[in-house]
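Structure record follows, encoded as structure tokens.
The analysis underlying the following values was restricted to heavy atoms, covering all of them including side chains, and did not include hydrogens, waters or symmetry mates.
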Amino acid sequence: MTLPSYAMNQATFSEMYERWLVDPLFRPWAEMTFEELELSPGDRVLDIACGTGIVARVAKERLGDAGYIVGIDISSDMLAVARAVAPRIDWREGNASALPLRDGEQFDIVVCQQGMQFFPDKHAATAQMRRALAKGGRLAVATWRSDDEIPFVRELRHVAERHLGAIADQRYSFGDAAALEALLRDAGFPGVRSRAISRTIRFKDGAPFLRLNTMALVGMSAAGKDMGDQERKRVVEEVVSESAPALQRYSDGSGIAFELSTNLATARG
């Protein structure tokens, strides 16, 4: 889950993303990924499409000074937050289809958490992952499954579509595990396997989650892309207001909780 380009360019979005989404939404999956990959002292870790850097930061927490961590993202705003939060990690601005790696630089662990679905050239991105992964290294790629499997997100999209017409939500556009596995095999990764994982995610305050996801849907819609800022904000407010009752159905008294589903594909170098 992230926002479209128009919102990511806003000066405050990266801070909002870090404050409201990272710990409840993205940290649990990062921790689960490293449990799957089994980090070892001395591992060199690459976090592709790192955002504000939670995957890289979890790796740093686990390895300390006994590992080398690099995070790469296309957004300078996201990286500014990453650098502020974890200045000892090597953060680099760059495209997944042309990773900014040093000559011969390779990693024992390469992770791409919720980035693959956004890459315009997925084959180029996986070729770059193959180039970055050392022989015998481990790769993990996670993509959200279809929002048909995530009731609240599906309900929110339906509300937004009443205002905007059909919305192709790119965040859930690569939820086919077989397609993900085939992509990695085509890039030359051996031993590709994947599994679907569902877990309950909790937010102490559901309002920011609702608003940020509404902004994402409006921004991804064809109608929203043609709107001026004021019109876009008006539609966001209307969708948030109409969706608030649905959000309350997921309240457990201490916040909101619902299941999210992802595919986690792993392979060897």
Side-chain angles (χ1 to χ4, degrees), residues 1-5 21 25-26 28-37 46-51 54-55 72-74 95-97 99 109-133 137-158 160-161 164-201 209 213 216-217 219-222 258-269:
M1 290 181 182
T2 187
L3 290 188
S5 58
L21 296 183
L25 181 59
F26 292 111
W29 302 103
E31 292 172 342
M32 185 184 305
T33 296
F34 287 126
E35 288 166 9
E36 185 90 7
L37 294 177
L46 175 61
D47 177 8
I48 298 174
C50 65
I54 188 58
V55 170
I72 295 175
D73 200 271
I74 199 169
N95 194 304
S97 297
L99 293 173
I109 303 286
V110 174
V111 178
C112 181
Q113 176 172 277
Q114 305 308 334
M116 182 68 78
Q117 58 266 48
F118 297 101
F119 299 155
D121 190 339
K122 294 177 175 56
H123 290 284
T126 50
Q128 288 290 294
M129 292 176 191
R130 189 74 183 88
R131 176 171 76 95
L133 191 63
R138 289 97 75 200
L139 170 77
V141 179
T143 60
W144 299 122
R145 292 178 64 82
S146 168
D147 67 356
D148 287 336
E149 299 182 23
I150 308 171
F152 172 67
V153 176
R154 183 182 67 239
E155 290 177 48
L156 178 59
R157 175 170 55 83
H158 289 166
E161 287 177 333
L164 300 157
I167 300 172
D169 193 334
Q170 193 176 4
R171 297 170 296 178
Y172 307 100
S173 64
F174 203 57
D176 183 346
L180 177 58
E181 291 177 17
L183 181 69
L184 297 179
R185 290 193 186 98
D186 288 347
F189 286 105
V192 177
R193 62 186 181 89
S194 70
R195 62 190 182 103
I197 304 171
S198 295
R199 66 175 298 156
T200 299
I201 299 297
F209 177 82
N213 277 273
L217 289 166
M220 282 185 286
S221 69
F258 51 84
E259 279 201 351
L260 288 176
S261 299
T262 192
N263 290 318
L264 178 63
T266 56
R268 290 276 178 175

Exercise for the section: Specify the closest pair of heavy atoms between G188 and R130, including all atoms of both residues, with the distance to one decimal. Expected result: O-NE, 3.1 Å
Exercise for the section: Report the distance from atom CD1 of I72 to atom CD1 of I48, rounding to the nearest 0.5 Å. Expected result: 6.5 Å
Practice task
Give a yes-or-no answer on whether the side chains of Q114 and T262 include a donor-acceptor pair shorter than 3.5 Å.
Solution key: yes
Handout entry: H123 atom NE2, neighbour heavy-atom count above 12 within 6.0 Å
Key = no
Completion exercise
CZ (R185) and CG (L180) are apart, to the nearest 0.5 Å, by 9.5 Å
Exercise for the section: Evaluate the side-chain proximity of V141 to M129: yes if any heavy-atom separation is below 4.5 Å, no if none is. Expected result: yes
Practice task
Assign the ring pair W144 / F26 to parallel, tilted or perpendicular, where the plane angle (0 to 90°) is split at 30° and 60°.
Solution key: tilted
Completion exercise
dist S173:OG -> M220:CE (nearest 0.5 Å) comes out at 9.0 Å
Practice task
Give a yes or no on whether the backbone of T143 and the side-chain of N263 come within a donor-acceptor separation of less than 3.5 Å.
Solution key: no
Handout entry: Contact summary for R145 and A196, nearest pair of heavy atoms
Key = NH1-CB, 3.8 Å
Exercise for the section: With rounding to the nearest 0.5 Å, note down the distance linking CG in L264 to CE in M32. Expected result: 8.5 Å
Handout entry: Heavy-atom closest pair, residues R171 and Q117
Key = O-NE2, 2.9 Å
Handout entry: Side chain to side chain, D148 and R157, heavy atoms closer than 4.5 Å
Key = yes
Exercise for the section: Find out whether W29 and I197 are in side-chain contact, i.e. whether some heavy atom of one side chain is under 4.5 Å from a heavy atom of the other. Expected result: yes
Exercise for the section: Starting at CZ of F152, measure out to CG of N213 and round the result to the nearest 0.5 Å. Expected result: 7.0 Å
Problem - Closest non-hydrogen atom pair between A178 and D176, with its separation - result: N-OD1, 2.9 Å
Handout entry: Side chain to side chain, V111 and F34, heavy atoms closer than 4.5 Å
Key = yes
Problem - Worked check of side-chain contact (heavy atoms from CB on, under 4.5 Å) between L260 and L25 - result: CA-CA 9 Å; L260 288 176; L25 181 59; 3.2 Å; yes
Problem - Non-hydrogen side-chain atoms of L46 and L99 separated by less than 4.5 Å - result: yes
Exercise for the section: Evaluate the side-chain contact (heavy atoms from CB on, under 4.5 Å) criterion for residues Q113 and I54: first the C-alpha distance (whole Å), next the side-chain angles of each, then the deciding distance (0.1 Å), finally the verdict. Expected result: CA-CA 10 Å; Q113 176 172 277; I54 188 58; 4.1 Å; yes
Exercise for the section: Taking the side chain as every heavy atom from C-beta outward, state whether V153 and Y172 have any atom pair closer than 4.5 Å. Expected result: yes
Completion exercise
d(I109 CD1, L139 CG) to nearest 0.5 Å is 9.0 Å
Practice task
Check whether any side-chain heavy atom of R138 sits under 4.5 Å from a side-chain heavy atom of T266, and report yes or no.
Solution key: no
Exercise for the section: Measure across F209 and L21 and return the closest heavy-atom pair with its distance rounded to 0.1 Å. Expected result: CD1-CD2, 3.9 Å
Practice task
Tell me, yes or no, whether the heavy-atom count around R131 atom CZ, taken from other residues, nucleotides or ligands under 6.0 Å, exceeds 12.
Solution key: yes
Exercise for the section: For the residue pair V55 and T33, establish whether any side-chain heavy-atom pair is separated by less than 4.5 Å. Expected result: no
Handout entry: Criterion side-chain contact (heavy atoms from CB on, under 4.5 Å) on D186 and T126, from CA distance to verdict
Key = CA-CA 9 Å; D186 288 347; T126 50; over 6 Å; no
Exercise for the section: Provide the closest heavy-atom pair for D73 versus G51 in the form atom of the first, atom of the second, distance. Expected result: OD2-N, 2.8 Å
